[in-house]
Amino acid sequence: MTVDMKTIASDSSDFPSTLKNGLVRPVPTCLWAIGNLGILDRRLLGFFCSTQCSGDAILRTYDLAQALRGAGIPIIGGFHSPMEKECLDLLLRGQQPIVICPARSLQGMRIPSAWRLALDQQRLLIVSPFEKRHRRATAVLAEQRNRVVAALAAEVLVAHAGQRTKTEQLCVELLHGGTRIHVIDLPDNAHLIESGAIPIQLDHIRTMAKRFEGGVT
């Protein structure tokens, strides 16, 4: 299939207004996108998971990803950490809309075959605020990308965020700003729950899904 890349300038009516709410600094001058832009009109669940996870967190995250896939909840994430990549593989086998935000430019990026199938099914959007010169992901770009994900998400789900990590810092900032953040109910996430995150179990996913059914932002 031919990959059609779209460009959305910050002064365009199609540019997401939530990227101008102060969370993403500076505001991107442009977004580059491949896939179904209509997915951005949906309520999206942001997904994050730190690179380092305990065995219990990994198992619970697998179960959670399968439940999210079954519920058809639209998901947005960077899908860069090992656990995030595993979850993306599971989610791509479902039918729900997915937004992938790489921490690099889309120009010259190889599109995996599994992504191409989802693109063909009009249920995938790949979006980036990074110019052509950013051909490799870096820690700085990943931090900016995570802010883009959070800004585009209606709610956020954190499988695990290690203490004193950039992910934890972002979660605390989002909580202070009033964002609803869910975390897997694990001792490893006690610091996030103490900060105000909502502990979540598998049987909560059905209730969550009702808030995302056909919803628009």
Test side-chain contact (heavy atoms from CB on, under 4.5 Å) on Leu44 and Ile75 and set out the steps. CA-CA 5 Å; Leu44 301 170; Ile75 305 286; over 6 Å; no

Flag for Gln52-Ser50: side-chain donor and acceptor within less than 3.5 Å: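 No, because no side-chain N or O of Ser50 sits under 3.5 Å from a partner of the opposite role on Gln52.
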
On a heavy-atom basis, which atom in [X] and which in [Y] lie closest, and how many Å separate them?
{"X": "Pro97", "Y": "Arg42", "answer": "CG-NH1, 3.7 Å"}
{"X": "Pro82", "Y": "Thr51", "answer": "CD-CG2, 4.0 Å"}
{"X": "Leu192", "Y": "Glu168", "answer": "CD2-CG, 3.9 Å"}
{"X": "Ala57", "Y": "Cys53", "answer": "CB-CB, 4.2 Å"}

Roughly how far apart are [X] [atom1] and [Y] [atom2], rounded to 0.5 Å?
{"X": "Ile181", "Y": "Ser195", "atom1": "CD1", "atom2": "OG", "result": "9.5 Å"}
{"X": "Leu124", "Y": "Leu119", "atom1": "CG", "atom2": "CG", "result": "4.5 Å"}
{"X": "Ile73", "Y": "Phe212", "atom1": "CD1", "atom2": "CZ", "result": "6.0 Å"}
{"X": "Arg116", "Y": "Gln121", "atom1": "CZ", "atom2": "CD", "result": "14.0 Å"}
{"X": "Ile100", "Y": "Ile111", "atom1": "CD1", "atom2": "CD1", "result": "8.5 Å"}
{"X": "Gln95", "Y": "Leu92", "atom1": "CD", "atom2": "CG", "result": "11.0 Å"}

With clusters defined by side-chain heavy atoms of hydrophobic residues (ILVMFWY) lying less than 4.5 Å apart, directly or transitively, does [Y] cluster with [X]?
{"X": "Val24", "Y": "Leu174", "result": "yes"}
{"X": "Met83", "Y": "Val183", "result": "no"}
{"X": "Leu202", "Y": "Ile184", "result": "yes"}
{"X": "Ile98", "Y": "Leu90", "result": "no"}
{"X": "Ile205", "Y": "Tyr62", "result": "no"}

Between [X] and [Y], is any pair of side-chain heavy atoms under 4.5 Å apart?
{"X": "Thr61", "Y": "Glu86", "answer": "no"}
{"X": "Gln96", "Y": "Leu68", "answer": "no"}
{"X": "Leu88", "Y": "Trp115", "answer": "yes"}

Between [X] and [Y], is there a donor-acceptor pair closer than 3.5 Å when you use the side chain of the first and the backbone of the second?
{"X": "Arg104", "Y": "Arg135", "answer": "yes"}
{"X": "Ser128", "Y": "Phe130", "answer": "yes"}
{"X": "Glu143", "Y": "Ala139", "answer": "no"}
{"X": "His191", "Y": "Asp188", "answer": "yes"}
{"X": "Asn21", "Y": "Thr18", "answer": "yes"}
{"X": "Glu84", "Y": "Ser81", "answer": "yes"}

Could you go through the side-chain contact (heavy atoms from CB on, under 4.5 Å) check for Asp89 and Phe79 one step at a time? CA-CA 10 Å; Asp89 287 343; Phe79 301 106; over 6 Å; no

side-chain contact (heavy atoms from CB on, under 4.5 Å), that's the test. Do Gln169 and Thr165 meet it? Break it down for me. CA-CA 6 Å; Gln169 293 173 17; Thr165 62; over 6 Å; no

Return the set of residues passing side-chain hydrogen bond (donor to acceptor under 3.5 Å, both in side chains) with Asp185 (not counting sequence neighbours), or none when no residue passes.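 Checked Asp185 against side-chain hydrogen bond (donor to acceptor under 3.5 Å, both in side chains); matches are Gln201.
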
Does atom NE2 of His134 have more than 12 heavy-atom neighbours from other groups under 6.0 Å away?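 Yes, NE2 of His134 has more than 12 neighbouring heavy atoms, counting only those of other groups under 6.0 Å.
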
Does atom NZ of Lys6 have more than 12 heavy-atom neighbours from other groups under 6.0 Å away?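 More than 12 within 6.0 Å, yes.
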
Can you list the steps and then say if Ile126 with Met109 is a side-chain contact (heavy atoms from CB on, under 4.5 Å)? CA-CA 11 Å; Ile126 310 167; Met109 189 178 79; 4.0 Å; yes

List the atom pairs, with distances to 0.1 Å, where a side-chain N or O of residues 25-37 and a protein N or O form a donor-acceptor pair under 3.5 Å, not counting sequence neighbours.
| from | atom 1 | to | atom 2 | distance (Å) |
| --- | --- | --- | --- | --- |
| Arg25 | NH1 | Gly22 | O | 2.8 |
| Asn36 | OD1 | Gly38 | N | 2.9 |
| Asn36 | ND2 | Gln122 | O | 2.9 |

Rest of the hydrophobic cluster containing Val172 (Ile/Leu/Val/Met/Phe/Trp/Tyr, side-chain heavy atoms under 4.5 Å)?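 In the cluster with Val172 there is nothing else; it is isolated.
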
Going by the rule side chain to side chain contact (heavy atoms under 4.5 Å, CB included), which residues pair with Arg206 if we only count those two or more places apart in sequence or in a different chain?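 None.
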
List the residues meeting salt bridge (charged side-chain N to carboxylate O under 4.0 Å, His left out) with Arg110, not counting sequence neighbours, and say none if there are none.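 Result, salt bridge (charged side-chain N to carboxylate O under 4.0 Å, His left out) vs Arg110: none returned.
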
Sequence neighbours left out, cut at 3.5 Å: what donor-acceptor pairs do the side chains of residues 146-162 make with other protein atoms?
| from | atom 1 | to | atom 2 | distance (Å) |
| --- | --- | --- | --- | --- |
| Arg147 | NH1 | Leu23 | O | 2.9 |
| Arg147 | NH1 | Glu173 | OE1 | 3.3 |
| Arg147 | NH1 | Glu173 | OE2 | 3.1 |
| Arg147 | NH2 | Glu173 | OE1 | 2.6 |
| Glu155 | OE1 | His182 | NE2 | 2.8 |
| Glu155 | OE1 | Arg211 | NH2 | 2.9 |
| Glu155 | OE2 | Arg43 | NH2 | 3.0 |
| Glu155 | OE2 | Arg211 | NE | 2.8 |
| His160 | ND1 | Asn189 | OD1 | 3.0 |

